[in-house]
Amino acid sequence: MIKKLFKNIFKIINEEKKLIDNNEEKSLILEKGKESSIIVPDFKEIKNLKIKKWHVNEGDLIKEGAILCELENEEALLEFESAFEGVILYTYPTRVIVLPNKEICKIKSI
C-alpha cells in the first residue's frame with residue numbers, strides 16, 4: 001500500500017475562520033472569551049479519516065497557524081491547522097473515524 005503525504009494545510013470550517021474570497025484571504029477574529037468548534041470539512045474524495053496524532057493537549061494555549069492534529073486514512077496524511085489563537089478546551093479521540101462536519105476540537109479565545 002502506497003501512502004501519500006499531503007502537506008496541504010486545511011483551514012477550519014467555521015464562521016470565525018479564514019475565508020478565501022475571490023482569491024483574497026481575509027481573517028476574521030474570534031471574540032475574546034468566545035468558544036468555537038473546530039469542524040472537519042467534507043473532503044469529498046478523502047474518506048474514513050481518523051485522527052492519527054494530536055499536536056496539542058486540552059488546556060494548551062495555541063497560536064494561529066499551529067498544527068492541531070494529523071488526520072489519516074489508507075491513502076493520505078493531512079495536517080490540520082488552527083485559524084486563530086486560544087486555549088484548547090476539548091479534543092476528539094484518536095484512531096476513531098471522523099465523519100465530515102464533525103467537531104474534533106473546541107477552542108476558547110483569550
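Source: prediction; values computed, not measured.
- Shortest non-hydrogen contact noted between I107 and S82 is CD1-OG, 3.8 Å.
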Q.
With side chain to side chain contact (heavy atoms under 4.5 Å, CB included) as the criterion, how do F84 and I62 come out once you've worked through the C-alpha distance, each side chain's angles and the decisive distance to 0.1 Å?
A. CA-CA 8 Å; F84 43 79; I62 60 157; over 6 Å; no
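- Linking ILVMFWY residues whenever their side-chain heavy atoms come closer than 4.5 Å, directly or via other members, places V96 and V98 in the same cluster.
- Heavy-atom minimum distance, Y92 versus I97: OH-O, 3.4 Å.
- For the atom pair OG1 (T91) and CD1 (I51), the distance works out to 7.5 Å, reported to the nearest 0.5 Å.
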**Q.** Test log, rule side chain to side chain contact (heavy atoms under 4.5 Å, CB included), inputs C69 and V56
**A.** CA-CA 7 Å; C69 65; V56 299; over 6 Å; no
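- In this structure, the salt bridge (Lys or Arg N to Asp or Glu O under 4.0 Å) partners of E103, at least two apart in sequence or on a different chain, are K106.
- No donor-acceptor pair closer than 3.5 Å links the side chain of D60 to the backbone N or O of I88.
- K47 approaches N73 most closely through the heavy-atom pair O-ND2, 2.7 Å.
- A side chain to side chain contact (heavy atoms under 4.5 Å, CB included) with K108 is found for exactly one of K34, E35, K32, namely E35.
- K53 meets the side chain to side chain contact (heavy atoms under 4.5 Å, CB included) test with H55, E70; sequence neighbours excluded.
- Under the salt bridge (Lys or Arg N to Asp or Glu O under 4.0 Å) criterion, K44 pairs with D42, sequence neighbours left out.
- Remark: of the listed residues T94, L77, L78, L77 is the sole one forming a side chain to side chain contact (heavy atoms under 4.5 Å, CB included) with K52.
- Following chains of ILVMFWY side-chain contacts shorter than 4.5 Å, one cannot reach W54 starting from L89, and the two form parts of different hydrophobic clusters.
- With side-chain heavy atoms closer than 4.5 Å counting as contact, directly or through intermediates, the hydrophobic cluster containing I110 also holds L61, V87.
- The distance from the CG atom of N48 to the CG atom of L99 is 9.0 Å, given to the nearest 0.5 Å.
- Each salt bridge (Lys or Arg N to Asp or Glu O under 4.0 Å) pair with one or both residues in residues 82-98, not counting sequence neighbours, appears once here: E72-R95.
- Of all non-hydrogen atoms in E31 and S109, the two that sit nearest each other are O-CB, 3.1 Å.
- Across every non-hydrogen atom of I39 and F80, the tightest pair is O-CZ, 3.5 Å.
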